[in-house]
Amino acid sequence: MYSLKGKNIVQLNVNKEIHDVVIRPSDVLLNTLRDQLGLTGAKPGCENGDCGACTVLIDGWPVKSCLMLTVEALGKKITTVEGLKNVPIQKAFIEKFAFQCGYCTSGFLLVCHALATIHPYPPDIVIDEWLQSNICRCTSYEEIGNAVRAILSGEI
Amino acid sequence: MPKTGIGVTVIRKEACNKVTGDAKYTNDFISVGILTAKMVTSTCAHAAIKKIDIAQASSLPGVRAIITGDNCSVIYGPLLEDRPPLAHKKVRYYGEPIALVVADNEFIASQAVFLIKVEYEPLPVVNSPSEAIRQGAVILHENLGSYKTVVEDVYPKPGTNICDQKQIRKGDIQKGFFESDIIEEARFILPQSDHIAMETRTAQAKINADGTVFIRSASQAPHGIKKEISKVFGLEEGKVIVEVPFVGGGFGGKASIQLELLAYMASKAVGGREIKIINSRENDIVTSPCRMGLEAIIKLGASKDGKLKAIQMTYLVDTGAYSDTGPRLARAIAVDCTGPYNIDNVWCDVLCVYTNHPYVTAFRGFGHASYTFCIERMIDKLARRLQMDPAEFRKINSLLPNHTTPTQVKVTESNFGNLVACIDKLKTLINWEEGDRLEIGNDKIKAKGMACLWKTSNSPPDEVSGVFLTFNEDGSINLNCGCVEYGPAMKTTAAQILSEKLKMDINRIYVNMDVNTKYSPKHWKTVASMTTFMLGRAVLRAAEDVIRQLKSLAAVVLRCPPENLEVEDEKIYVKSDPAIFLNFKDLVHGYKYNNGNSVEGQILGRGSFIMSDINVLDKETGKGKAGPYWTVGAQAVEIEFDKKEYTYRFIKAATVMDAGNLLNPSMAESLVKGGMCMGLGLGSRECFNYGPEGEVLDTSLRSYKVMHFGETPQYLVEFVETPQLDSPYEARGIAEHGIIGIPAALGNALSVAVQAELDELPLVPETIWRIKTGGVL
Ligand code: FES
Ligand code: FES
């Protein structure tokens, strides 16, 4: 646990790099990543935990960064979409037409990537459960399902 | 994957940017020192503003300016000028912007918003379109008569809440009903709903020292913003520069202009400093324009042998507190009001009415998903009364070449396509012959319903598009166009068309993803599924322009007539002997002879397109042509209904669409499915619930529910291809149409399952239960 008051310089471990950021106790991780580190892959969609566009990985687990205080992420490994370097799910999203406008894509990519890492052989119900956290307004979801199944099956 | 042309699946040009976080949307342009503007919005749906107390907020350190309606006398609107950017003296909807705070950052701006106290004197509300036209209804716009109309065909009725009326009079309605053996009548209610593009609307503004205004916005209409800002604030058009980067979904909601004006006003209030204004999800839902609501009363008659004879319709479009795009939606409904059926006697009134609801704008389908629900429910009701198969009933009444539409346009195979073929294919796809209602045990019923759709565009008759082509020295091409990339891959389609025409590798064609009105040729708005048609035509012309120039230069070098030459694979060769050729790269920046002498300069291509042959509809009869062609299709939904719980789940959703000619098959399929998914949401859950005082109750994604992963059916999508002769490579627009018939097909399936007439949307279990049981426990 950390205790902060006023503005502080703290260190964040993002995409395997250590960065200094200035935060107030009430600062939200999504805003710190975007405004201070220029990591704009995580998007605000509702800032209320309902849409998942802001999803990042915290120690490998998907977390809605609009619901996490920056201080809560201290000492943890944060992965944003910018930290995904040619992982299979990116290719799968392209080949399976799993996005259109692309706004929800970072969030979905991270959820799918984490799912494949944490549950390599998930039953359908687990896939549904994991992917229900995010909203895509452009696709029919089928394409996203196809993409995640393509990496789980090793097709991509 | 093939690298050239059309009819092949092509990966979208910006794919890589979108899977790496590299694609930048308006809000991702973060600059140091940018100020934040934030709105104070109304908590009443209808009230006089007694007082706005900004004293406390103004004294907060870091607050740079506060603007209220008193500081700005502007009143604007795309069709009828009835809307102040900030409410003046009166608020007319819940969520209406009242004041604008400009502060150093979000944190301070939010505090200031909290400290601004608004005193209201509530007024009676108009809470539905039928209330709006009732005798003695409260009038929202007492000055309606003095508002300026921007286009010639809006017809406001001063002293009422009607801001426009469109009508269709075709044939003889009395005679039609007289000839009808069976007449069905019903009333429909469809509340407003919202776009919920994942990127909320947002804008940035800066006024430079030389008076140039720079706007960056999440918009479908950069050129429209430029025009509107220059008009409203009296600026020279060339001094307004609008840039639109990637847009995170539009669905029509970003075709209207709102935050851009506020952004300009905010920047002006702080001496031109750069400011940003970002909609919270809550503001995006209520403050910015939403999707129209609709009430309808329809009477439909047919002869015993199942021929439709007459239709009488009154549609009330809930345009909310301001007109914005409402009158165009009213027109779109009037134009296609019968659905794709041949009916000789048509009487239709569409009233666009003010209510104290959020105001409305375009939404995927442009009014069609709404009225189609009503028409297709009517068709099903009548088919059942006639004891005819609903599919067969639709087939025998389908519009065919030489029939005329409600606005008396002659149908041709090219402008309409083949609906009968779509229905036939759909029947196979969904296994229609199996029957539409099966009891499958455990109180479960499996049921199917279908619906047909058609849609033409309702764009201005002089809408333009344009393309510039420049070459890189290596012979590759830069394609510059003014349409916005918000999802449907229209830029990729443009590249495909160019690649096909020049027979060159699509990977050697680079397309500008952002639009800047200073450099990009005008493309009116990226809307109405018209981009392939309009931009495509401009691309073809630009391609012809460069081919002509390349051939004439190569003809000089190769000493042959230009008509002996052919273009392919970045080469110009002699038709009779392809071994004699020149490479693009040796020509596109001028040709240099061995001794250094050079001729010609850069090859610059241009292509321009203007819509032709579209006209203003006759005020009395509606006669006239609203759009260049229709896209038609047939859709079906299969559900499993639980008789005890009134719940249901989707099993299958199917679409067969006449695409003319498929340019990018996988993309087309995916666009159609996306529309279907949204249609299932509209049919099953999406709507605004209003409180008794007209306040919108569903203002966050917690209570406004959209479709989620795992709730979706199996999607079945197929196409019919009836060439549209005047379109680039005979393709029809298909980007929005997937949504149109789905709520209707769902309504029909559920009505069959429940054995009740479900004439409202959305069909949540509670609504189904209420209609089925009369609300008696
Ligand atoms: S922005 Fe975080 S869940 Fe929507
Ligand atoms: S791709 Fe647009 S929201 Fe998912």
Side-chain angles (χ1 to χ4, degrees), chain A residues 24 26-27 31 34-35 38-51 53 80-86 89-109 124-125 127-145, chain B residues 9 11-12 14-25 27-30 106-107 195-200 246-251 278 280-282 485-489 653 666-667 669-678 680-681 700-702 706-712 714-715 738:
Chain A
R24 276 185 296 244
S26 62
D27 281 353
N31 297 336
R34 290 174 55 86
D35 297 345
L39 295 169
T40 54
K43 309 282 189 215
C46 66
E47 296 177 88
N48 195 40
D50 299 325
C51 78
T80 69
V81 70
E82 290 88 348
L84 295 185
K85 299 284 182 222
N86 286 322
I89 193 67
Q90 290 168 302
K91 190 158 176 259
F93 261 56
I94 293 177
E95 287 186 11
K96 302 291 178 189
F97 288 76
F99 56 91
Q100 290 175 24
C101 80
Y103 199 81
C104 71
T105 311
S106 313
F108 267 109
L109 283 169
D124 278 353
I125 183 144
I127 301 181
D128 284 357
E129 215 172 67
W130 272 61
L131 271 65
Q132 242 153 33
S133 58
N134 290 32
I135 297 174
C136 173
R137 192 64 166 158
C138 299
T139 72
S140 70
Y141 294 109
E142 185 184 81
E143 300 85 348
I144 296 174
Chain B
T9 286
I11 295 297
R12 58 173 67 238
E14 76 284 13
C16 183
N17 311 66
K18 286 184 174 171
V19 295
T20 52
D22 203 33
K24 292 264 180 287
Y25 302 76
N27 249 339
D28 298 337
F29 292 85
I30 296 167
E106 167 88 30
F107 187 73
H195 307 80
I196 317 284
M198 289 316 297
E199 176 201 32
T200 61
F246 283 117
V247 174
F251 315 114
I278 305 167
S280 63
R281 176 56 65 189
E282 291 72 13
E485 182 50 70
Y486 54 78
S666 298
M667 187 68 71
E669 202 179 299
S670 169
L671 288 173
V672 171
K673 286 180 189 164
M676 291 164 74
C677 182
M678 212 179 229
L680 291 170
S700 82
L701 296 177
R702 200 60 61 89
V706 299
M707 292 285 286
H708 281 71
F709 193 95
E711 297 174 310
T712 52
Q714 180 192 1
Y715 295 96

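In what follows, chains carry the letters A, B, and so on, assigned in the order in which the sequence lines appear, proteins first and then strands, with residues in each chain numbered from 1.
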| query | Name the one of B:M707, B:E199, B:M198 that satisfies side-chain contact (heavy atoms from CB on, under 4.5 Å) with A:R137? | reply | B:M198
| query | Hey, which of A:I125, A:L39, A:T40, A:N31 has the most heavy atom pairs under 4.5 Å with chain B? | reply |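 The candidate making the most pairs under 4.5 Å is A:T40.
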| note | Counting heavy-atom pairs under 4.5 angstrom with chain B, the leader among A:T139, A:I89, A:N48 is A:N48
Can you tell if the side chain of [X] reaches within under 4.5 Å of the side chain of [Y], non-hydrogen atoms only?
X      : Y      : result
A:Y103 : A:P44  : yes
A:R24  : B:F107 : yes
A:L84  : A:L109 : yes
B:F251 : A:C138 : yes

Engaged part of [X] at the chain A interface, taking heavy atoms whose separation is under 4.5 Å:
X      : answer
B:S280 : neither
B:L671 : both
B:I30  : side chain
B:A23  : backbone
B:R12  : side chain
B:N17  : neither
B:M676 : neither

Check: residues 127-136 of chain A side-chain donor-acceptor pairs under 3.5 Å, at least two apart:
residue	atom	partner	partner atom	Å
A:Q132	NE2	B:F709	O	2.7
A:S133	OG	A:W130	O	2.9
A:N134	ND2	A:G52	O	3.1

Option that, when pairs with chain A are counted at under 4.5 Å, heavy atom only, ranks first among [options]:
options                : result
B:T200, B:I196, B:V706 : B:I196
B:G738, B:C677, B:G487 : B:G487
B:E669, B:E106, B:H195 : B:H195
B:K18, B:E282, B:R281  : B:K18
B:G710, B:G21, B:S670  : B:S670

| query | Aromatic rings B:F246 and B:Y25: how do their planes relate, parallel, tilted or perpendicular, breaks at 30° and 60°? | reply | tilted
| task | Show the numbers, then the answer: is there a salt bridge (Lys or Arg N to Asp or Glu O under 4.0 Å) between B:K673 and A:E142? | result | CA-CA 8 Å; B:K673 286 180 189 164; A:E142 185 184 81; 2.5 Å; yes
| note | So, the part of A:E47 with a heavy atom under 4.5 Å from chain B: the answer is neither
| Residues A:R34 and B:D28 bridged, charged N to O under 4.0 Å | yes
| field | Atom pair OG/CZ of A:S140 and A:F97 - distance to nearest 0.5 Å | value | 13.0 Å
